[in-house]
Amino acid sequence: MNIRMPIFAFILLGILLCAFAGLAFFFFLYDHRDKYYRFEDDAVMTGKDFFCEFRRFGGEENIEISFKLIYEGGETAELLYCKTVADGSRSKKKLYTIPKETVDKLKAIYREHCVPVLADAPEKEDIAADAPTVVVCFAADEDKESYTISSDQELPEKNQSLFTEVEDLLSAYRPHYRSGAVKRQ
């Protein structure tokens, strides 16, 4: 009886098991990378400037709504609200001065949902034609590091509330605004 064959098969099985374990460990780390993200190296969290833009467009009413927060240090930030009807006939803009606490709350949302990891999420395969598209962008500087998340992306269930949290926080400064829709005036 040849003893080399069982030893060779045993070694080959060991190599395959190690390769499988390594591959499984890689996918485990990839799925849990939000827990290992280092916010200390993130310019959005540590930089002096902070920008956040929320946009809702399309859908049945075909109205574009945007909130753009601009913080460049200090105790206050600027919030620009803009509403445009689809045909472009009516456009409304309003500038608000808001407290720095709103910036801190947005940074907490950014950290809680680990936005840099979510920005890499793949696009959805089935998108409803009558549903509005929602886009949230966080940036350290308008020209540098930025992360954009869209409702057209395949996000985990625990992160679905990101859009409503940002919208509710920014729309609190705009009277007569409802989350998800604007009252007709």
Side-chain angles (χ1 to χ4, degrees), residues 33-59 61-86 90-121 131-185:
R33 65 185 188 256
D34 58 333
K35 293 179 180 71
Y36 303 108
Y37 187 79
R38 296 181 46 93
F39 288 101
E40 297 83 21
D41 301 333
D42 192 337
V44 175
M45 290 295 289
T46 59
K48 181 188 141 222
D49 297 341
F50 180 79
F51 300 91
C52 179
E53 184 174 11
F54 173 89
R55 289 182 54 220
R56 176 186 299 279
F57 54 91
E61 294 181 4
N62 208 8
I63 297 174
E64 180 177 347
I65 298 168
S66 70
F67 291 95
K68 185 173 184 180
L69 180 128
I70 303 166
Y71 176 72
E72 296 172 333
E75 294 301 314
T76 61
E78 292 183 345
L79 179 66
L80 177 64
Y81 167 78
C82 184
K83 174 185 169 188
T84 306
V85 179
R90 293 179 296 180
S91 183
K92 182 188 290 188
K93 291 184 180 182
K94 181 82 172 157
L95 185 65
Y96 300 95
T97 301
I98 61 173
K100 183 186 180 295
E101 290 81 36
T102 304
V103 174
D104 296 335
K105 290 177 184 177
L106 282 170
K107 285 184 178 183
I109 292 170
Y110 177 87
R111 178 185 281 275
E112 176 188 344
H113 292 282
C114 199
V115 171
V117 173
L118 288 180
D120 294 335
T133 300
V134 180
V135 177
V136 176
C137 180
F138 292 92
D141 191 349
E142 290 185 277
D143 299 331
K144 294 184 182 173
E145 188 173 357
S146 69
Y147 300 101
T148 303
I149 299 173
S150 168
S151 61
D152 293 342
Q153 288 177 287
E154 198 69 49
L155 299 179
E157 188 68 33
K158 66 181 181 177
N159 300 110
Q160 294 292 327
S161 64
L162 170 79
F163 302 112
T164 56
E165 289 176 27
V166 172
E167 182 178 17
D168 291 345
L169 184 62
L170 296 178
S171 66
Y173 299 98
R174 175 74 185 135
H176 309 297
Y177 184 88
R178 287 184 306 160
S179 179
V182 176
K183 293 180 183 177
R184 295 190 187 254
Q185 299 166 330

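Predicted model only: the values in this text are computed from it and were never measured.
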Engineer: Would you find a donor on one side and an acceptor on the other, under 3.5 Å apart, between the side chain of E165 and the backbone of I109?
Structural biologist: no

Engineer: Who pairs with S151 by side-chain contact (heavy atoms from CB on, under 4.5 Å), at least two apart in sequence or on another chain?
Structural biologist: T133, V134, F163

Engineer: Would you please indicate if the ring centroids of Y81 and F67 are separated by under 6.0 Å?
Structural biologist: yes

Engineer: About how many Å separate NE2 of H113 and NZ of K158, when rounded to the nearest 0.5 Å?
Structural biologist: 10.0 Å

Engineer: CD/E101 to NZ/K105 distance, rounded to the nearest 0.5 angstrom?
Structural biologist: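 So the gap between those two atoms works out to 7.5 Å.
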
Engineer: By side-chain contact (heavy atoms from CB on, under 4.5 Å), which residues pair with E154, not counting sequence neighbours?
Structural biologist: P122, K124

Engineer: Tell me the closest heavy-atom pair linking C52 and F138, and the distance in Å.
Structural biologist: SG-CE2, 3.7 Å

Engineer: What is the distance from atom CG of L170 to atom NZ of K68, rounded to the nearest 0.5 Å?
Structural biologist: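 Interatomic distance, L170 CG to K68 NZ, rounded to 0.5 Å: 13.0 Å.
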
Engineer: Between E64 and R55, does any side-chain N to carboxylate O distance fall below 4.0 Å?
Structural biologist: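 Here E64 pairs with R55 in a salt bridge, since their nearest N and O are under 4.0 Å apart.
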
Engineer: Might you point out which heavy atoms bring K92 and R174 nearest each other, and give the distance in Å?
Structural biologist: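 It is CD-NH2, 3.4 Å.
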
Engineer: Considering non-hydrogen atoms only, spot the tightest contact between V135 and F57 and give its length.
Structural biologist: CG2-CE2, 4.0 Å

Engineer: Testing the basics here: between L95 and E78, what is the closest heavy-atom pair and its distance to 0.1 Å?
Structural biologist: CD1-CB, 4.1 Å

Engineer: Please tell me if the side chains of L79 and T97 come closer than 4.5 Å, counting only heavy atoms from C-beta onward.
Structural biologist: no

Engineer: Excluding sequence neighbours, so at least two apart, what forms salt bridge (charged side-chain N to carboxylate O under 4.0 Å, His left out) with K100?
Structural biologist: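 Listed in chain order: D104.
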
Engineer: Looking only at non-hydrogen atoms, find the nearest pair between P116 and Y110 and report the distance.
Structural biologist: CG-OH, 3.2 Å

Engineer: In Å and rounded to the nearest 0.5 Å, what is the CG to CD distance from N159 to E112?
Structural biologist: 8.5 Å

Engineer: Taking side chain as C-beta onward, heavy atoms only, is L169 less than 4.5 Å from L106?
Structural biologist: yes

Engineer: Hey, could you give me the CD/OG distance between E53 and S66, rounded to the nearest 0.5 Å?
Structural biologist: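 Between atom CD of E53 and atom OG of S66 there are 6.0 Å.
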
Engineer: For residues L118 and Q153, report the shortest heavy-atom separation together with the two atoms involved.
Structural biologist: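 Looking at all heavy atoms of both residues, the shortest contact is O-NE2, 3.8 Å.
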
Engineer: Apply side-chain hydrogen bond (donor to acceptor under 3.5 Å, both in side chains) to the pair T102 and Y173, showing each step before the final yes or no.
Structural biologist: CA-CA 10 Å; T102 304; Y173 299 98; 2.4 Å; yes

Engineer: Can you tell me how far apart CG (D49) and CD1 (I70) are? Round to the nearest 0.5 Å.
Structural biologist: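 Interatomic distance, D49 CG to I70 CD1, rounded to 0.5 Å: 10.0 Å.
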
